[in-house]
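In what follows, a single structure is set out as C-alpha cells and then discussed.
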Amino acid sequence: MSLTDTIAFIFYNAIFYAAPLIFTGLGAVFTERSGVTNIGLEGVMQIGAFTGIISNLFLHDIFGGATVFVSIMIAMIVGSLFSSLLAISSVTFRSDQIIAGTALNMLAAGATIFLVKKLFEGKGQTPMVKDAITRFDIPVLENIPVIGKIFFQNVYLTSYLAILAAIVGWVILFKTPFGLRLRSVGEHPTAADTMGIKVNRMRYIGVMISGALGGIGGAIYAQSITLDYSHATISGQGFMAIAAMIFGKWNPLGMMGAAIFFGFAQSLSTIGPSIPFIKDIPTVYLYILPYVLTILAVAGFIGKSVAPKALNTPYIKGSR
Amino acid sequence: MSKRWTPILIPVLAVILGLLVGAVIIAISGYNPIVGYAQLWEGIFGDSYVIGESIRQITPYVLAGLAVAFAFKTGLFNIGVEGQLIVGWFAAVYVGISFDLPAYIHLPLAILAAGLAGAFWAFIPGILKAKLGVNEVVVTIMLNYTALHVTNALIRSIAKGDTTEQIAQTASLRIPFFEEITQYSRLHGGIFIAILTVIIIWFILEKTTLGYELKAAGFSQDASKYAGMNVPRNIVISMVISGFIAGLAGAMEGLGTFEYVSTKTAMTGIGFDGIAVAVLGGNNPIGVVFGAILFGALKYGSLNMPNPPAQIPEEMISVIIAVIIFFVASGYLFQWLYEKFSKKKGVK
C-alpha cells in the first residue's frame, strides 16, 4: 500500500464508523441543549437498528435500490416516537431523566428482541439484509489529485450526509431563532418562559429530534456494519455518541470532530492489523480510548466541558 | 393520597399497572396472557429446582439494587454498578483460581477481592466528583464500557481463551445441602451475604453518624457543608461503599452461579436491573429486598414463558420491568390523576 492508499483506507474507515455516532451525537446535543439528558439514546439506536433492518427485509421487493434510505426514514420516525416516551415521562410527569432513560434502554432491548423472536419463529437474530449501504465515487470531486483519492473515491454516502447534518445542526442551533430558544430553555427555563417561550414544548421538540437522529444513527449502523439485528448489534454506540457530545462540549461541530476520532479508534480495532505501527498496539487500548478520553475531558484535563445549566431539572412553572 | 403511604402505594400500583400493560401487549402480539402469566408463575414456584434458581437470581439483584440505593441516599447516581460488578466478578474468579488456600481463608479473600475491585472502580468517579465537581453519571457510564473491555483483555491474557478454568472448590459459595434440596439448582450461600449486607447498610444509614452525614449530603450539600461536615470526603466514602457492594454482586456470579468468568460482548444487565430494583424499592435497604425479589423472580421465571403452550419470548419481562419503572419514576402522574379525580368529585 502506498501512503495515499493507507491514508485513504484509514480515513474512509474512520468516517464509516463515525457516521452513526455523528447522527446520534447530534441528537444528544439537541436534547441536552434543551435541558433533557437522554441516556436512552443507546435504546433509541437499538430501535433504529431494528426498524431499519426489519424495514429493509420486508420492503426490499417494493423499493429495490432505494430500500436502504426508505428504511432509514422509517427508523427516524419510529425513533422519534419511541423517544417521546422519555419526554412524556420526564418533561410532563417530572420523572428523573436518568431513570426514565435507563427504562428506555431496557424497553428497547426487550421489545426489539421480543419482536425479532415473534417475527422469525423464535430465532434471536434476523436474517442478513440484501441491500446494504454501499460505497460510491463522488462525481467531479473524485478527480482532484491526491485529495480526490483520499476523500472522495469509494466512500459511503452516509458518511458525508452525517457531516452535512452536523453542519446544518450547528447552523440551526446557533444561527436561528429556534436554536436560540432551544438553548435558552436548557440554560434558564424561567427566563425563557418569561419571554413567552413554551419551555415544555421546546423540550419535547429537543427530545424528539434526538430520537429521530438516534433512529437514523441506529439504522445506518445496522445497515452498513452488522447487516442484521440481534441483541449484540448495538453495544455501547449510543453511550459513545453521548461521550462524543460531551467531548465536543455540547457543540455539533465539536461533537462531529470527537465522533470522527472515536470512529477512527473503533475502526482501528478492526483494520489495525493491516496497518504497520498500529498492529502492535493491543486492541483493548483502542476499545477503551473513547471512554477514557471522555472521562479526562469532563474532568477538565482536556479543556473544560460545561453542561447546559438546567440539565436534569424538570421545569415547574412558578418555582424558583 | 396520604403522604405516609405514597412510598408503598406508588410501587404497588406501578407493578399492577405494569403487569396489566404487559398483558395487553402480550394479547396484541397474538399470545395468551393468562397462559403466559401462569407459566411465569410456574417458572418461579413450580418445583424446588426453579425456586432455588429464582433465589439464585435474586441474590445479585439485592446487592446491585443496594449499591444503587446507597449511593442515591447520598445524592449520587451510581449508574456504574454494571462496570463495578464486572470487575468484581473478574477479581473474585482470579483469586478463586490463583491461590491454594483453606476454604475459611480462600472464600473470604475472594469475596473481599471482588468488593475491593468494585470499590476501586467506584473510587474514580467519587474522587473526580469530590475534587473537581465532575458529574458522576457521565464518568460511571464511561467506566462501564472501560470495565467490559479491560476485563475481556485480562480474561484472554490469563485464560488463553474466552473462558477461565473453574475456581477452586475452597473459594466456592456453593453449599451441597442447598443443591440437594433444590434438585441440584445453582442456588448458593451468597444469599446470606446479600442479606447480611442489607442489614449492615441499613445499620450504617440509620444508626451511625456516618450514615447521618451521608444522608444529610443527599438532602443538601450546602447545608451539610455549613454544619461542618466534610462533603467531599463523604462523596468518596459513599461511592466506595456503593462500589464495594456492586463488587460483591459480581462475586455472587463468579463464586456462586458460574464459578468462572468468560469474555462478554455486551453488559450483563444486572447493574442496570439494579437501578430498577432501587427505584422500585424507594432507595430504602428493606425496599430493595422486595424490589430484588420481584424483579429477580420475574427475570428467572420468564425463562419458562417460551415453552409451549404459551411460547412467549422471555424478553417480554424486560418490557414489563421497563414499564413498571416508567410508572414508579413518573410519580407525579399519580398525583396528577388523583387531583383530576378529586376535582371531578368536588373534594379537593
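Reminder, nothing fancy here: chain letters follow the sequence lines and each chain counts from 1.
- Counting heavy-atom pairs under 4.5 Å between each of Leu115(A), Leu104(A), Leu289(A) and chain B puts Leu104(A) at the top.
- Across all non-hydrogen atoms, the minimal contact from Thr265(B) to Ala232(A) is OG1-CB, 4.2 Å.
- At a 4.5 Å heavy-atom cutoff, the contact between Asp273(B) and chain A is made by backbone and side-chain atoms alike.
- When each of Ile98(A), Thr102(A), Ile88(A), Leu85(A) is checked for heavy-atom pairs under 4.5 Å with chain B, Ile98(A) comes out on top.
- Taking CG of Asn105(A) as the start and CD1 of Ile275(B) as the end, the distance is 9.0 Å to the nearest 0.5 Å.
- Note: Phe239(A) and Tyr145(B) have tilted aromatic rings, judged against thresholds of 30 and 60 degrees for the angle between ring planes.
- Contact check for Val137(B) versus Ile39(A): side-chain heavy atoms found under the 4.5 Å cut-off.
- Between Gly110(A) and Val319(B), the shortest heavy-atom contact is C-CG2, 3.8 Å.
- Heavy atoms closer than 4.5 Å to chain B are found in the side chain of Glu42(A), but not in its backbone.
- The closest side-chain heavy-atom distance from His149(B) to Tyr291(A) is below 4.5 Å.
- At least one side-chain heavy atom of Ile295(A) sits less than 4.5 Å from a side-chain heavy atom of Leu128(B).
- Contact record, Ala322(B) with Ala103(A): CB-O, 3.4 Å, taken as the closest heavy-atom pair.
- Atom OH of Tyr315(A) has more than 12 neighbouring heavy atoms from other residues, nucleotides or ligands inside a 6.0 Å radius.
- Under the 4.5 Å side-chain criterion, counting only non-hydrogen atoms from C-beta, His231(A) is not in contact with Glu315(B).
- Of the two parts of Leu148(B), neither the backbone nor the side chain holds a non-hydrogen atom closer than 4.5 Å to a non-hydrogen atom of chain A.
- Only the side chain of Tyr31(B) has a heavy atom closer than 4.5 Å to any heavy atom of chain A.
- The distance from atom CZ of Phe114(A) to atom OG of Ser29(B), rounded to the nearest 0.5 Å, is 3.5 Å.
- Using a 4.5 Å cut-off on side-chain heavy atoms (C-beta onward), Ile325(B) and Ile99(A) make contact.
- Across all their heavy atoms, Ser330(B) and Ser89(A) have their closest contact at OG-OG, 3.3 Å.
- Interface remark: Leu333(B) contributes backbone and side-chain atoms alike to the contact with chain A (heavy atom separation under 4.5 Å).
- If you run side chain to side chain contact (heavy atoms under 4.5 Å, CB included) between Met142(B) and each of Thr294(A), Ile288(A), Val292(A), only Thr294(A) comes through.
- Heavy atoms closer than 4.5 Å to chain A are found in both the backbone and the side chain of Val139(B).
- Between Met106(A) and Ala276(B), the closest heavy-atom pair is CE-CB, 3.7 Å.
- The contact between Thr92(A) and chain B is made entirely by backbone atoms, counting heavy-atom distances below 4.5 Å.
- Once rounded to the nearest 0.5 Å, the distance linking NZ of Lys117(A) with CE of Met316(B) reads 13.0 Å.
- Around CZ of Phe120(B), the count of heavy atoms belonging to other residues, nucleotides or ligands within 6.0 Å does not exceed 12.
- Residues Tyr287(A) and Thr146(B) fail the side-chain proximity criterion, which asks for heavy atoms closer than 4.5 Å.
- With a 4.5 angstrom heavy-atom cutoff, Ala111(A) touches chain B via backbone and side-chain atoms both.
- Only the side chain of Val279(B) comes within less than 4.5 Å of a heavy atom of chain A; its backbone N, CA, C and O stay farther away.
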